[in-house]
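Step one of this worksheet: look at the structure below.
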Amino acid sequence: MVENPLKDKSYQLALAIVCVYKDILANHKEFVLSKQLLRCGTSIGANVAEANGAISTADFSAKISIAYKESLETKYWLKLLKDSDYISIKVFDDLFSKTDETSKILFSILKKTRLNK
């Protein structure tokens, strides 16, 4: 099996997001903001998985573009959850760093696929 660091990173990020979501539900009884984080944070990896099965370069680029946008949205919800005291600075720093690293990888791939058109 071929190694795919982006697939692995986005999956690990999704797992971390799920854990934080469960913690927010259990300890803060917050259901709206955390659900937004869950949706976009897990969507990154799902779109990366779809990109890996793309039938064309355009299809691949479209899925990577969606994953990139979801990573930006994930960072927004993380900031909002931190600033509203639903997650600690430590949790925020860890998840934001992982999300930002994934964003940078996605953007780099996106630039390369769009330049090769």
Side-chain angles (χ1 to χ4, degrees):
M1 180 174 260
V2 178
E3 279 190 44
N4 185 331
L6 177 58
K7 182 179 173 187
D8 296 340
K9 285 181 185 297
S10 60
Y11 184 80
Q12 291 304 315
L13 175 60
L15 281 177
I17 294 284
V18 168
C19 289
V20 168
Y21 172 74
K22 288 169 39 177
D23 181 67
I24 294 169
L25 288 183
N27 295 314
H28 296 285
K29 305 296 186 232
E30 195 291 317
F31 303 97
V32 178
L33 303 177
S34 57
K35 186 69 153 200
Q36 292 295 118
L37 176 67
L38 179 68
R39 286 180 180 163
C40 60
T42 56
S43 177
I44 298 165
N47 279 288
V48 167
E50 284 189 53
N52 288 327
I55 58 173
S56 68
T57 303
D59 186 28
F60 176 82
S61 184
K63 296 301 181 202
I64 292 296
S65 176
I66 293 168
Y68 174 68
K69 291 174 188 176
E70 294 290 346
S71 72
L72 299 179
E73 184 179 345
T74 299
K75 292 194 288 187
Y76 172 83
W77 291 114
L78 285 169
K79 287 177 188 175
L80 191 58
L81 286 162
K82 174 189 60 90
D83 291 343
S84 57
D85 295 323
Y86 284 111
I87 60 174
S88 69
I89 291 173
K90 183 178 187 274
V91 169
F92 169 81
D93 286 344
D94 179 53
L95 283 177
F96 193 88
S97 175
K98 288 176 181 174
T99 306
D100 195 47
E101 180 183 3
T102 303
S103 289
K104 289 175 182 175
I105 295 167
L106 289 164
F107 188 71
S108 176
I109 293 168
L110 194 55
K111 280 192 338 188
K112 288 176 184 168
T113 59
R114 297 285 165 100
L115 288 175
N116 291 335
K117 280 183 138 182

Can you list the residues that meet the ring-ring contact (aromatic ring centres under 6.0 Å, His included) rule with Phe92, with sequence neighbours excluded?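 Once residues adjacent in sequence are excluded, the partners of Phe92 under the ring-ring contact (aromatic ring centres under 6.0 Å, His included) criterion are Phe96.
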Within the 4.5 Å heavy-atom criterion, are Leu95 and Leu13 side-chain neighbours or not?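 In contact.
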Partners of [X] by side-chain hydrogen bond (donor to acceptor under 3.5 Å, both in side chains), sequence neighbours excluded?
X	value
Lys79	none
Ser10	none
Gln36	none

Set of side-chain contact (heavy atoms from CB on, under 4.5 Å) partners for [X], sequence neighbours left out:
X	answer
Ala54	Asp59, Phe60
Gln12	Leu15
Leu33	Glu30, Trp77, Leu80, Leu81, Ser84, Tyr86
Leu6	Asn4, Val48, Ile64, Thr102, Ile105, Leu106, Ile109

First locate atom [atom1] of [X], then atom [atom2] of [Y], and finally report the distance between them rounded to the nearest 0.5 Å.
X	Y	atom1	atom2	value
Ile17	Thr74	CD1	OG1	5.5 Å
Ser65	Phe107	OG	CZ	10.0 Å
Glu3	Asp8	CD	CG	7.5 Å

What residue pairs, at least two apart or across chains, pass salt bridge (charged side-chain N to carboxylate O under 4.0 Å, His left out) with a residue in residues 64-78?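 Of all non-adjacent pairs touching residues 64-78, those that pass salt bridge (charged side-chain N to carboxylate O under 4.0 Å, His left out) are Lys75-Asp100.
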Among the clusters formed by ILVMFWY side chains lying less than 4.5 Å apart, do Leu25 and Leu38 turn up in the same one?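 Yes, same cluster.
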Say whether Ile89 and Leu78 are linked into one hydrophobic cluster, either directly or through other cluster members, by side-chain heavy-atom distances under 4.5 angstrom.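 Cluster IDs for Ile89 and Leu78 differ.
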Is there a side chain to side chain contact (heavy atoms under 4.5 Å, CB included) between Thr113 and Leu110 once you walk through the steps? CA-CA 5 Å; Thr113 59; Leu110 194 55; 4.2 Å; yes
Kindly write out the residues that satisfy salt bridge (charged side-chain N to carboxylate O under 4.0 Å, His left out) with Lys82, not counting sequence neighbours, or none if the list is empty.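 Counting only residues at least two positions away or on another chain, Lys82 forms no salt bridge (charged side-chain N to carboxylate O under 4.0 Å, His left out).
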Output all residues satisfying salt bridge (charged side-chain N to carboxylate O under 4.0 Å, His left out) with Asp94, sequence neighbours left out; order by chain, then residue number.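 For Asp94, the residues satisfying salt bridge (charged side-chain N to carboxylate O under 4.0 Å, His left out) (neighbours in sequence not counted) are Lys98.
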Sequence neighbours left out, what pairs pass side-chain hydrogen bond (donor to acceptor under 3.5 Å, both in side chains) with at least one residue falling in residues 38-47?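 Residue pairs with at least one partner in residues 38-47: Ser43-Asn47.
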Tell me if a side-chain donor or acceptor on Ser61 pairs with a main-chain N or O of Ala58 at a distance below 3.5 Å.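 No, the answer is negative, given that no donor and acceptor are paired below the 3.5 Å cut-off.
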